[in-house]
Structure formats: structure tokens, C-alpha cells
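Since the structure comes first, as C-alpha cells, the remarks are kept for the end.
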Amino acid sequence: MNTTAVFCIAFALAMDAFAVSIAAGVALKTFTRRQTIRLAWHFGFFQFAMPVIGWSAGNTVRTRIESYDHWIAFILLLLVGANMLREAFQSHKDEPSKKDPTKGLSLVLLSVATSIDALAVGVSFSILNISIWFPALVIGIIAALCTGAGIHIGKRIGASSHIGTYADMAGGLVLIAIGFKILYDHGALGHIL
């Protein structure tokens with residue numbers, strides 16, 4: 001997998017964190033540098049850790065599924081992308097929360113929720129026998145940067161924005177496109193068409 005594809009995946013996976021951080025910025029209205037760093041750090045760390053966990057789990061079964069691994073990677077990316085598209089049309093992400101999303105259990109739950117997609121991508125990487133360390137690092141850094149930007153955008157644009165919806169839609173479409181590219185690279189699309 002080339003560097004461009006890794007960055008595309010990283011940005012696609014960061015869209016959930018970006019959308020949630022916009023909602024956090026809207027909810028908080030005023031926030032400190034510490035809150036921004038805490039949210040960005042946790043979202044970035046979980047986005048880094050989840051692909052590594054998925055990759056480790058996927059390595060245990062890779063040798064058993066090598067002949068159809070590209071189909072599994074495609075299906076996982078398709079499901080994650082479709083889920084992101086579905087979530088883009090649900091309005092609950094843009095509703096401001098009454099709690100401080102940068103503290104306690106809320107922070108942990110949001111970190112896990114925004115990084116579950118990365119777990120499936122990690123499994124896909126292991127199935128395709130792709131090293132995880134560089135992609136996981138890129139995914140974590142991009143998520144942290146998008147989170148930091150999102151919280152400030154949320155403060156500036158207020159509750160009326162739908163930018164989080166568009167970000168999730170773009171992320172979902174990118175993951176689906178990468179899934180099709182994997183099939184194309186393995187010559188599997190020729191068998192279908």
C-alpha cells in the first residue's frame with residue numbers, strides 16, 4: 001500500500017473524530033488549551049492503538065484465509081464506509097452535549113466510539129500482510145490534528161453547521177473506494193464484471 005493510500009485512509013478514519021470534536025467545540029463554546037490537547041491526544045492515541053489491536057488479531061487468522069483475503073478486506077472497508085455514510089445522515093452527532101466531552105468517562109467513550117472503524121482497518125491490513133506501524137502512526141497523528149482543528153471550528157461556526165455530516169460522508173466514500181481498489185489490485189473485479 002502506498003503512502004497516498006495510507007494518508008487517504010487516515011483522513012477517512014479521522015472524520016468521526018473531526019465531527020465529534022466540532023460538536024464538542026459547539027457544546028463547550030469556550031475551552032482551554034488543555035481541553036483541546038486532552039481531546040486531541042485521546043482521539044489520536046485511540047486511533048493509533050485500534051489498528052494495531054485489529055492487526056494483531058488479524059495476524060492470527062491470516063494464513064487460513066490468504067486465498068480470499070482481499071474480499072474480507074473489501075467487505076470490512078465497505079461496512080465501515082457504509083456505516084460512516086449512515087451516521088452522516090443521523091443528526092445526533094451535531095447536537096451539543098451538556099457534559100464536558102474532554103473529561104472522564106465521556107472522553108474515554110468518545111475516544112473508543114470514534115476509533116472502532118480503525119480496528120476493522122487494522123484487521124484489513126493484517127489480512128493483506130501490510131505492516132501496521134507506519135499507517136497506525138499516520139492515522140493517530142491525522143486524527144489528533146483533525147480533532148484539534150475540529151474543536152476550534154465548532155467554537156467558531158456554532159450549532160448550525162453540517163460540516164461534520166459532510167466529513168463523515170467523504171470519509172465513508174473514501175474507505176469504500178479503497179476497498180474497490182484492493183479488489184482491483186488483486187484482479188478480483190475482473191471476475192465480477
Side-chain angles (χ1 to χ4, degrees), residues 3-55 80-81 83-122 125 132-175:
T3 305
T4 303
V6 170
F7 275 90
C8 287
I9 289 171
F11 276 106
L13 291 174
M15 292 303 102
D16 273 351
F18 182 63
V20 170
S21 65
I22 288 172
V26 168
L28 291 172
K29 293 183 180 64
T30 60
F31 48 85
T32 65
R33 176 179 288 172
R34 185 176 179 167
Q35 287 173 303
T36 302
I37 291 170
R38 193 167 47 223
L39 191 66
W41 164 256
H42 279 81
F43 280 15
F45 175 76
F46 275 79
Q47 286 279 6
F48 164 80
M50 288 297 214
V52 172
I53 293 168
W55 181 81
V80 171
N83 186 53
M84 289 178 76
L85 288 173
R86 182 185 55 80
E87 288 176 355
F89 293 103
Q90 293 176 347
S91 61
H92 71 278
K93 276 189 177 179
D94 294 326
E95 294 172 5
S97 169
K98 303 295 183 222
K99 289 182 166 183
D100 181 354
T102 68
K103 287 185 180 177
L105 187 58
S106 294
L107 177 59
V108 173
L109 292 176
L110 287 173
S111 298
V112 171
T114 58
S115 62
I116 289 294
D117 297 344
L119 183 75
V121 169
F125 279 20
I132 194 61
W133 300 109
F134 174 70
L137 186 62
V138 171
I139 290 167
I141 290 170
I142 297 294
L145 293 174
C146 287
T147 300
I151 196 168
H152 289 282
I153 290 170
K155 176 186 174 185
R156 293 200 190 324
I157 60 179
S160 63
S161 173
H162 296 289
I163 196 166
T165 299
Y166 299 127
D168 270 353
M169 287 172 57
L173 291 172
V174 166
L175 289 179

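- Taking the six-membered ring where the residue is Trp, Phe45 and Phe48 present tilted rings, their angle falling between 30° and 60°.
- Looking at every heavy atom in both residues, Thr147 comes nearest to Ala17 through OG1-CB, 3.6 Å.
- Across Leu39, Leu110, Ile153, Asp16, a single residue satisfies side chain to side chain contact (heavy atoms under 4.5 Å, CB included) together with Ser21, and that is Leu39.
- None of Thr36, Thr32, Ile37 except one satisfies the side chain to side chain contact (heavy atoms under 4.5 Å, CB included) rule with Arg34; the exception is Thr32.
- Residues Ala143 and Ala14 share a closest heavy-atom pair of CA-CB, 3.9 Å.
- The closest side-chain heavy-atom distance from Val121 to Met50 is not below 4.5 Å.
- Within the 4.5 Å cutoff, side-chain heavy atoms of Phe134 are placed close to those of Val6.
- Remark: the backbone N or O of Ala144 is not paired with any side-chain donor or acceptor of Gln47 at under 3.5 angstrom.
- With rounding to the nearest 0.5 Å, the separation of CZ in Phe7 from CD1 in Ile139 is 10.5 Å.
- Rounded to the nearest 0.5 Å, atoms CZ (Arg38) and CG (Leu107) are 7.0 Å apart.
- Nearest heavy-atom pair, Ser111 versus Thr114, reported as atom, atom and distance to 0.1 Å: O-OG1, 3.3 Å.
- Between Trp133 and Val52, the closest side-chain pair of non-hydrogen atoms falls below 4.5 Å.
- Separation of atoms CG (Asp117) and CD1 (Ile9) is listed at 12.0 Å; rounding is to 0.5 Å.
- Counting only heavy atoms from C-beta outward, the side chains of Pro135 and Phe125 approach each other to under 4.5 Å.
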